[in-house]
A.B. asks: 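This is the structure I want to talk about, given as structure tokens.
Numbers restart at 1 for each chain; the letters A, B, ... are given by sequence-line order, proteins then strands. Note that these values count all heavy atoms, side chains included, but never hydrogens, waters or copies made by symmetry.
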Amino acid sequence: MRGDFHLKERYKKTCNLILDGWRFSLVLDYKDMGPRSLLVDSLDDVADNLLIDSKNLKVPVIYDPNIPQASSIPRRWDALFREWYMLLDDELEVLLFTLDNDGYDALVGLGPGSTPAGDDFLTGMHIALRWMGHNFENVISFRNLESRTTWFSSCMLYDAACGLTWYRSKKLLEALSRGADGEVEDALNELMSTGHTSGRAWISGFFHAVSVCNSFS
Amino acid sequence: MQRVEVVRGVYYDSVSLMRVAQELTKIDGVIDATLNMATEANIKIMSAAGFDLSGLDLRPSDLVIAVKANEEIIDGIIAKAKEYLSNPPWKTTEISQQYFPKSLNGALSMLPEANLALISIAGQYAGDEAMECLNKGLHVMLYSDNVSLEKEIELKKIAKERGLLVMGPDCGTAVVKGIGLGFANACPLGPVGMVAAAGTGLQEVHVQLAHRGIGVLHAIGTGGRDVKEAVGGITSLMGIEALLENDDVKVIVMVGKPPAPEVEKKIFQRLVSGNKPAVLGYIGGELEGDRPPIYFCKELEETAAVTAAVVNGTDPDLARKDLNLKYEHLKELASHFGKRKGYLRGLYSGGTLCYEAQLVASKLLGPIYSNAPLDERYKLPDSLKSIGNCMVDYGEDEFTQGRLHPMMDSSFRAKRMIEEAKENEVGVILFDCVLGYGCHESPAEQLASAISQVKREVGDRIIFVGYVCGVEADPQIASSQRKILEDVGVVLADSNAQAARLACLLLQ
């Protein structure tokens, strides 16, 4: 990490910083760890115009954001993956409609908020494809992504495409691989607690990709 | 001022509509608000509540938003209703916290050890879902009603072949290893096993046993039609069989309306050969004379009292005598409160409680009119208009289609209290207040507000007699609910049977 970080967004438990267009985060809760995140005790001293000199910053790596490769996925979850479209109800129905009519690329930036639900869906999808070791180059176009969705969201999609993910989603990948009772439920519940619809859209995209891949295998 | 808005071709579940209506009525200046699908039954109910829907071209798929409020805010209230419908303020926390599988297979992949499915969907689809559950080797609790008799028989026959239980349809409550399913009270675990039609009859005996320090291990709901000749008591007999085989169950209790003679005979014969103490609480039944270890009861509290005696090894007859002494004492209590002139009006949320109250009252006052009468000759032509001594069961289908069950929302019943009080010939209003999981968070508050209004308007002309069916460990806390009602002058009894007796004794 070289250069100075600028404070971009401040939330109750997270501060998002920007460096060379990339998002970096300071987080209070380990469950909010993701790519380029630093766990801190307090965000009180992070002033609005604070510049952080990163040149000599050395911190231990406590979270590995790399998406693991699924050796095998227990078949018991097949029925769960097939529920993907049922998660797109109420305010997420527009995703299903758009997907049916215009394809994946039209989902980019679709929905309100800093992480539009369409991007959550696509992020989940890319992580599933990475996890299963599939090629996804043609799913969406990454060209001019920054101009088609929010800053935070475009970083999230790039990260997924690069094989990086967040703690909560990684926990789901691990739970699905292990196949242990209760772990998948816990992981899904934690994801559902992410934002108003973000978690649901993410899970839907993830399940969608796995069920599509399963149907071809 | 009234404003009615019709939104065409939309559907919202009843819980959402009720929540929106409740939120609207909390706003200053709003007198009343209701949201309903425009079914014939709902139009009738809304008209009875004073909304003028005449001249509107309504179809069942229309949503009617009706508001009574001060003129200056009424437009804003309609807009607020639409805003709540499209973006409910309570939705975020409810939905975003937990992942609920969307299909049976999805649920089974997350809970592979599950062996029981609880089905609560529209009756027309419930039977097929129940069949799918049986095909997957699951016991079924069929909470849904409006499942055809033919389907019930088909399901139960197949279940029996596979050694599975079908509890229901219309099974509102059950207890498995002390854990309540559906509407259920937080009562202790113990040596009693119950088989019951599965409504408030089961809850009342469960609660009355808890008051006597006796716990229940299992309570198997059967649905009200199980003991009819056509079904043949399939689930009742399987339930009894399971309880006979369970060494932790020391006493078996059966609760419900009297079975068909053939079914009654089979149940009795199996219990005799099973040689385990049993108490048969056939509400309004004709069987008399105990045949130890089998005992016959005709009321819910009596069933609990006799069961407690059997569990404790004391004399069941003595338990009955103690109960009768309590009932005698109610005469003194009635004199203490002073007798009233006029009719008795009972407003019930529990079907079996209403049925039992009618049995008690008909012996003391003569015929009782009802929407669910003991004798069809006394069926109310219009359930919204009382006649003479009358008891209305608000849990009947006519009141629950498109709105919450009265155990989840007493507001409609509370409005009826106010309407009843306007009639000069009404002297006593009798009601139940059922607590437990699944019930409203504070039903007493909903009712107390109406009772206070009546007291302000008619003073002591009318006396309210109530019964709180619940225990301290229930989420609503029984003593807190009782206090709310006592604070507005309600005379509370210790059981449904006592409340009905006291209400009758309070009439001259």
A.B. asks: Measure A/I203 against the heavy atoms of chain B and call it side chain, backbone, both or neither at under 4.5 Å.
C.D. replies: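 Answer is side chain: those atoms of A/I203 sit under 4.5 Å from chain B.
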A.B. asks: Just wondering, do B/M110 and A/L188 contact through their side chains at under 4.5 Å, heavy atoms?
C.D. replies: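 Answer yes - side chains close enough.
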A.B. asks: Is it true that atom OH of A/Y30 has more than 12 heavy atoms of other residues, nucleotides or ligands lying nearer than 6.0 Å?
C.D. replies: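 Yes, the 6.0 Å shell around OH holds more than 12 heavy atoms from other groups.
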A.B. asks: Around atom NZ of B/K160, are there more than 12 heavy atoms of other residues, nucleotides or ligands at under 6.0 Å?
C.D. replies: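 Counting neighbours around NZ of B/K160, 12 or fewer heavy atoms of other residues, nucleotides or ligands fall under 6.0 Å, so no.
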A.B. asks: For chain B, which candidate among A/L80, A/V184, A/D78 shows the most heavy-atom pairs at distances under 4.5 Å?
C.D. replies: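 Result: the option with the highest number of such pairs is A/L80.
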A.B. asks: Say whether A/E83 and B/Y99, considering side chains only, have a donor N or O and an acceptor N or O under 3.5 Å apart.
C.D. replies: yes
A.B. asks: By a 4.5 Å heavy-atom criterion (distance strictly below it), what part of A/Y85 contacts chain B: side chain, backbone, both, or neither?
C.D. replies: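 For A/Y85, no heavy atom lies under 4.5 Å from chain B.
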A.B. asks: Is the count of non-hydrogen atoms from other residues, nucleotides or ligands lying under 6.0 Å from B/Y125 atom OH greater than 12?
C.D. replies: no
A.B. asks: How long is the gap from CZ on A/R76 to CG on B/L108, to the nearest 0.5 Å?
C.D. replies: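 With rounding to 0.5 Å, CZ (A/R76) is 10.5 Å from CG (B/L108).
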A.B. asks: Relative to chain B, which segment of A/D89 carries a heavy atom at a distance below 4.5 Å: side chain, backbone, both, or neither?
C.D. replies: side chain
A.B. asks: Does B/I27, at its CD1 atom, have more than 12 non-hydrogen atoms belonging to other residues, nucleotides or ligands within less than 6.0 Å?
C.D. replies: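 Counting neighbours around CD1 of B/I27, more than 12 heavy atoms of other residues, nucleotides or ligands fall under 6.0 Å, so yes.
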A.B. asks: Quick check for you: among B/P101, B/S109, B/G106, which has the greatest number of heavy-atom pairs under 4.5 Å with chain A?
C.D. replies: B/S109
